[in-house]
Amino acid sequence: MKFVPTAVSGAFVVEVDARSDERGLFARTFDAKSFADRGLVPVYPQCNVSQNHKRGTLRGMHYQADPRPEIKLVRATRGRVFDVALDLRRDSPTYLQWASVELDARSHNAFYIPAGCAHGFLTLEDDCELFYQMSEVFVPELARGVRWDDPAFSIAWPFEPSVISERDAALESYSRETSL
């Protein structure tokens, strides 16, 4: 595995070393020791799947607040998505900056998103599925979010979403006073 730093401190694209032969493909997609050796979380007590039927579906920007912020390891298991990590950590050198990666089921890559970052994605084709490994279990009362199109971040989405939940559409703009 290769860990490629992004524009957000502590966020990495995780690329796999796939080996192909007449049988097909084999790739190690996770190795706890490799993550721990880099100071990254090696244990994920909760996993989630997100299925998205239509191109242009946007989910985000979500995070879980203190005292149980989530680290996410996200990969596309079907389709392609534009995946974004947004740094909301006030003490971070990349505070309010974002990083994106195209997660593609064919490349088997993943996005390691540190605690204190909001996460969202936009589907680039129909019938996408994402698999999340989470460092914390979900605590509904700690669930938070910020607007995907907030000018405070200027995220360069590849196109306008065509499908977005009422909840995500109603998220408020970022406020330094009420965040994390």
Side-chain angles (χ1 to χ4, degrees), residues 1-64 69-89 92-94 97-138 148 153 155-159 161-163:
M1 286 182 291
K2 182 177 176 186
F3 294 80
V4 181
T6 69
V8 168
S9 179
F12 296 90
V13 177
V14 182
E15 297 176 350
V16 300
D17 181 21
R19 303 198 190 278
S20 297
D21 62 23
E22 66 278 356
R23 299 168 295 170
L25 175 139
F26 178 84
R28 179 170 290 118
T29 60
F30 179 78
D31 176 61
K33 183 173 180 340
S34 294
F35 275 69
D37 287 350
R38 287 165 180 79
L40 306 178
V41 167
V43 177
Y44 298 91
Q46 181 174 312
C47 295
N48 304 318
V49 172
S50 170
Q51 292 184 336
N52 306 276
H53 303 297
K54 300 287 185 191
R55 177 186 186 271
T57 299
L58 185 132
R59 292 186 189 243
M61 301 293 296
H62 306 142
Y63 64 98
Q64 188 160 288
E70 300 166 323
I71 294 166
K72 297 178 181 179
L73 182 62
V74 183
R75 79 177 61 252
T77 53
R78 187 171 53 243
R80 294 180 311 118
V81 303
F82 180 83
D83 206 74
V84 176
L86 170 64
D87 194 344
L88 298 177
R89 302 167 293 178
S92 171
T94 57
Q97 294 180 35
W98 58 274
S100 67
V101 62
E102 183 176 305
L103 295 178
D104 184 339
R106 290 178 296 271
S107 71
H108 309 285
N109 62 341
F111 200 9
Y112 180 90
I113 301 167
C117 290
H119 171 251
F121 64 87
L122 180 68
T123 58
L124 300 175
E125 55 190 52
D126 289 344
D127 197 25
C128 292
E129 180 179 88
L130 273 69
F131 179 74
Y132 294 65
Q133 291 173 255
M134 312 293 287
S135 68
E136 289 287 340
V137 296
F138 180 67
W148 66 275
F153 315 127
I155 297 171
W157 298 97
F159 53 86
S162 55
V163 180

(request) Would you please indicate if the ring centroids of Y112 and F3 are separated by under 6.0 Å? (result)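 Judged by ring-centre distance (under 6.0 Å), Y112 and F3 do not meet the cut-off.
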(message) Please check: side-chain N/O of D21 versus main-chain N/O of R19, any donor-acceptor pairing under 3.5 Å?
(response)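 Judged by distance alone, no pair lies under 3.5 Å.
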(message) Could you report the tightest heavy-atom contact between P45 and V43, atom names first, then the distance?
(response) CD-O, 3.8 Å
(request) Specify the closest pair of heavy atoms between V16 and S107, including all atoms of both residues, with the distance to one decimal. (result)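 So the minimum-distance heavy-atom pair works out to CG2-O, 3.7 Å.
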(request) Mind checking side-chain contact (heavy atoms from CB on, under 4.5 Å) for A99 and listing every partner two or more places apart, or none if nothing turns up? (result)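 Expected list: T6, A7, V8, F111.
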(message) Applying side-chain contact (heavy atoms from CB on, under 4.5 Å), can you list everything that pairs with R28, at least two apart in sequence or on another chain?
(response) D31
(message) Is there a side-chain contact between Y63 and P69 in this structure, where contact means two heavy atoms from C-beta onward sitting under 4.5 Å apart?
(response) no
(request) Compare all side-chain heavy atoms of D17 with those of K2 and state whether any distance is below 4.5 angstrom. (result) no
(request) Before giving the answer on side chain to side chain donor-acceptor pair (under 3.5 Å), spell out for S50 and N52 the whole-Å C-alpha distance, their side-chain angles and the decisive distance to 0.1 Å. (result) CA-CA 7 Å; S50 170; N52 306 276; 3.2 Å; yes
(message) Is there a side chain to side chain contact (heavy atoms under 4.5 Å, CB included) between T94 and R89? Walk through the geometry before answering.
(response) CA-CA 8 Å; T94 57; R89 302 167 293 178; 4.1 Å; yes
(message) Please evaluate residues L88 and M61 with respect to the criterion side chain to side chain contact (heavy atoms under 4.5 Å, CB included), reporting the C-alpha separation (whole Å), side-chain torsions for both, the decisive distance (0.1 Å), and the verdict.
(response) CA-CA 11 Å; L88 298 177; M61 301 293 296; over 6 Å; no
(message) Is the ring pair Y132/H119 parallel, tilted or perpendicular, if the boundaries are 30 and 60 degrees?
(response)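 It falls in the perpendicular class, over 60°.
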